[in-house]
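One structure below.
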Amino acid sequence: MKKAMKRETRSIASVMRLQFHDCFVNGCDASLLLDDTPNMLGEKLALSNIDSLRSYEVVDDVKEALEKACPGVVSCADLLIIAARDAVVLSGGPYWEVKLGRLDSLTASQEDSNQIMPSPRSNATYLIDLFSRFNLSVQDLVALSGSHSIGKGRCFSIVFRLYNQSGSGRPDPSIEPSFREKLDKLCPLGGDGNVTGDLDATPELFDNQYFKDLVNGRGFLNSDETLFTNSITREYVKEYSVDQERFFKDFAEGMVKMGDLQLGRPGEIRRDCRVVNSHRPRVEVLFETSNKKG
């Protein structure tokens with residue numbers, strides 16, 4: 001993870017996002033990592049993942065090192081959860097204990113991912129309903145949205161905010177004017193949708209700047225800024241914008257809760273995170289990491 005961060009700082013934020021996109025679709029089972037087969041359309045090309053999720057090669061490097069050290073012991077599902085935690089720590093965020101013992105899925109579903117994962121256009125009401133389906137509270141929603149404290153987003157995800165919010169032909173009125181001018185230059189109408197912009201003013205540092213930006217109308221994504229414009233989520237945004245310690249605490253607790261999402265389907269411990277290896281013996285372990293950082 002440290003080597004990946006030195007090569008490209010953004011890769012760490014990308015690795016953290018993998019936990020979200022894996023766990024919300026049929027539980028934390030590394031189904032996200034499976035490549036397509038003649039009989040299965042995987043999740044990598046789902047609407048919320050294609051041209052968006054990245055840094056799979058970092059996961060491959062970590063898995064290769066794990067297999068050399070202790071073959072067949074650490075699942076890809078556990079790897080994603082640990083890597084997400086370490087991405088936060090390496091970016092200056094909180095440390096938390098990670099529960100282990102997950103098995104890797106024997107299948108993946110592009111259809112399920114398309115039906116479940118929210119788009120950048122989502123509003124707070126939709127997100128509240130989505131998170132409640134997984135027994136995650138409004139507090140969990142706002143705290144976990146703080147994952148956008150690090151990383152970048154694509155122009156493709158915000159052009160509608162800049163030029164046609166809700167079909168009005170006008171920009172989102174919640175965007176602070178000078179920030180909108182900056183985004184207009186970054187993402188001109190008809191420009192390259194793959195150009196990226198910072199998700200907050202300190203994209204390489206995990207802190208509470210994300211929430212300060214939302215309070216000031218400087219949220220990059222619609223799904224971010226709506227957390228402040230919505231009365232139900234606004235108070236949490238305001239609290240985290242002035243209390244970083246509380247944000248860190250609630251974020252860590254939310255990540256643990258999300259990491260518990262499981263459907264109990266048959267699984268195994270894959271030695272290659274991109275393919276199903278059902279012929280290999282299952283090794284099931286249940287343990288927790290030490291209390292020491294590092």
Under the criterion side-chain contact (heavy atoms from CB on, under 4.5 Å), I'd like the reasoning laid out for Val256 against Lys99: C-alpha separation, chi angles, the key distance, then a yes or no. CA-CA 8 Å; Val256 172; Lys99 300 177 184 178; 4.1 Å; yes
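- You'll find the side chain of Leu80 reaches within 4.5 Å of the side chain of Leu33, heavy atoms only.
- Counting heavy atoms of neighbouring residues, nucleotides and ligands inside a 6.0 Å radius, atom CD of Glu253 exceeds 12 of them.
- Remark: the backbone N or O of Gly42 is paired with a side-chain donor or acceptor of Gln110 at under 3.5 angstrom.
- When all heavy atoms of Cys23 and Gly259 are compared, the pair lying nearest together is SG-CA, 4.5 Å.
- Between Asp35 and Lys44, at least one side-chain N (NZ, or NE/NH1/NH2) sits under 4.0 Å from a carboxylate O, which counts as a salt bridge.
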Item to check | Step-by-step side chain to side chain donor-acceptor pair (under 3.5 Å) determination, Asp29 to Ser31 | outcome: CA-CA 5 Å; Asp29 59 5; Ser31 61; 2.9 Å; yes
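- A side-chain N or O of Gln165 and one of Asn222 form a donor-acceptor pair less than 3.5 Å apart.
- For the pair Ser48 and Pro118, the tightest heavy-atom approach, listed with the atom from each and the gap, is OG-O, 3.3 Å.
- Counting heavy atoms of neighbouring residues, nucleotides and ligands inside a 6.0 Å radius, atom CD of Glu57 exceeds 12 of them.
- Relative ring orientation between Tyr210 and His148 is described as perpendicular, the plane-to-plane angle rising above 60° on a 0-90° scale split at 30° and 60°.
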Decide side-chain contact (heavy atoms from CB on, under 4.5 Å) for Val276 and Glu268; before the verdict, give the C-alpha distance in whole Å, the side-chain angles of both, and the deciding distance to 0.1 Å. CA-CA 9 Å; Val276 174; Glu268 64 180 9; 4.0 Å; yes
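- Across all their heavy atoms, Leu79 and Leu66 have their closest contact at CD1-CD1, 3.9 Å.
- With salt bridges taken as basic N to acidic carboxylate O contacts below 4.0 Å, one links Glu64 and Lys68.
- In this structure, the separation between NZ on Lys257 and CG on Leu261 is 10.0 Å, given to the nearest 0.5 Å.
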Exercise. Yes or no on side-chain contact (heavy atoms from CB on, under 4.5 Å) for Met255 and Arg85, after CA distance, side-chain angles and deciding distance?
Worked result: CA-CA 8 Å; Met255 291 292 277; Arg85 188 273 311 277; over 6 Å; no
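- Scanning all heavy atoms of the two residues, the minimum distance from Phe220 to Ile158 falls at O-CG2, 3.1 Å.
- In this structure, Asn114 contributes its side chain and Ala46 its backbone to no donor-acceptor pair below 3.5 Å.
- Separating the CG atom in Leu32 from the CE atom in Met117 is a distance of 9.0 Å, to the nearest 0.5 Å.
- Inspection of the Asp172 and Ser174 side chains reveals an N or O donor paired with an N or O acceptor under 3.5 Å.
- Atoms OG and CE, from Ser55 and Met16 in turn, are 11.5 Å apart once rounded to the nearest 0.5 Å.
- Judged purely by distance below 3.5 Å, without hydrogens or angles, the side chains of Arg102 and Ser75 never pair a donor atom with an acceptor atom.
- Heavy-atom neighbours of Lys238 NZ from other residues, nucleotides or ligands within 6.0 Å: at or below the threshold of 12.
- Scanning all heavy atoms of the two residues, the minimum distance from Ala124 to Thr233 falls at CB-OG1, 4.1 Å.
- Under a 3.5 Å cut-off, the side chain of Asp104 and the backbone N or O of Ala30 do not form any donor-acceptor pair.
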| request: Report the C-alpha separation of Phe247 and Tyr236 in whole Å, then their side-chain angles, then the decisive distance to 0.1 Å, and conclude whether the ring-ring contact (aromatic ring centres under 6.0 Å, His included) test is met. | output: CA-CA 9 Å; Phe247 161 51; Tyr236 288 108; over 10 Å; no
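- The shortest side-chain heavy-atom distance between Leu103 and Ile269 falls under the 4.5 Å cut-off.
- With hydrogens and angles left out, the side-chain atoms of Ser137 and Asp140 include a donor and acceptor closer than 3.5 Å.
- Under the 3.5 Å distance criterion, with hydrogens and angles disregarded, a donor-acceptor pair is assigned to the side chains of Arg17 and Ser52.
- Side-chain contact between Tyr163 and Asp184 is present, with heavy atoms from C-beta onward closer than 4.5 Å.
- For Thr226 and Arg121, the side-chain atoms include no donor-acceptor pair closer than 3.5 Å.
- More than 12 heavy atoms of other shown residues, nucleotides or ligands fall within 6.0 angstrom of atom CZ in Phe179.
- Under 4.0 Å is where a charged nitrogen must lie from a carboxylate oxygen, and between Asp224 and Arg161 no such pair does.
- The backbone N or O of Gly219 lies less than 3.5 Å from no partner atom in the side chain of Asp213, so there is not a single donor-acceptor pair.
- Considering all non-hydrogen atoms of both residues, Ile116 and Phe24 come closest at CG2-O, 3.4 Å.
- Under a 4.0 Å N-O distance rule, the pair Lys249/Glu245 does not qualify as a salt bridge.
- Of the possible donor and acceptor atoms, one in the side chain of Asn49 sits under 3.5 Å from a partner among the backbone N and O of Glu43.
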Worksheet item: Leu162 and Ile175: side-chain contact (heavy atoms from CB on, under 4.5 Å), yes or no, with the steps?
Response: CA-CA 9 Å; Leu162 299 178; Ile175 307 176; 4.0 Å; yes
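- Taking the six-membered ring for Trp, Tyr240 and Phe248 have ring centres at least 6.0 Å apart.
- Counting heavy atoms of neighbouring residues, nucleotides and ligands inside a 6.0 Å radius, atom CZ of Arg170 does not exceed 12 of them.
- Using modelled atom types, no side-chain atom of Thr202 and backbone atom of Ser149 make a donor-acceptor pair closer than 3.5 Å.
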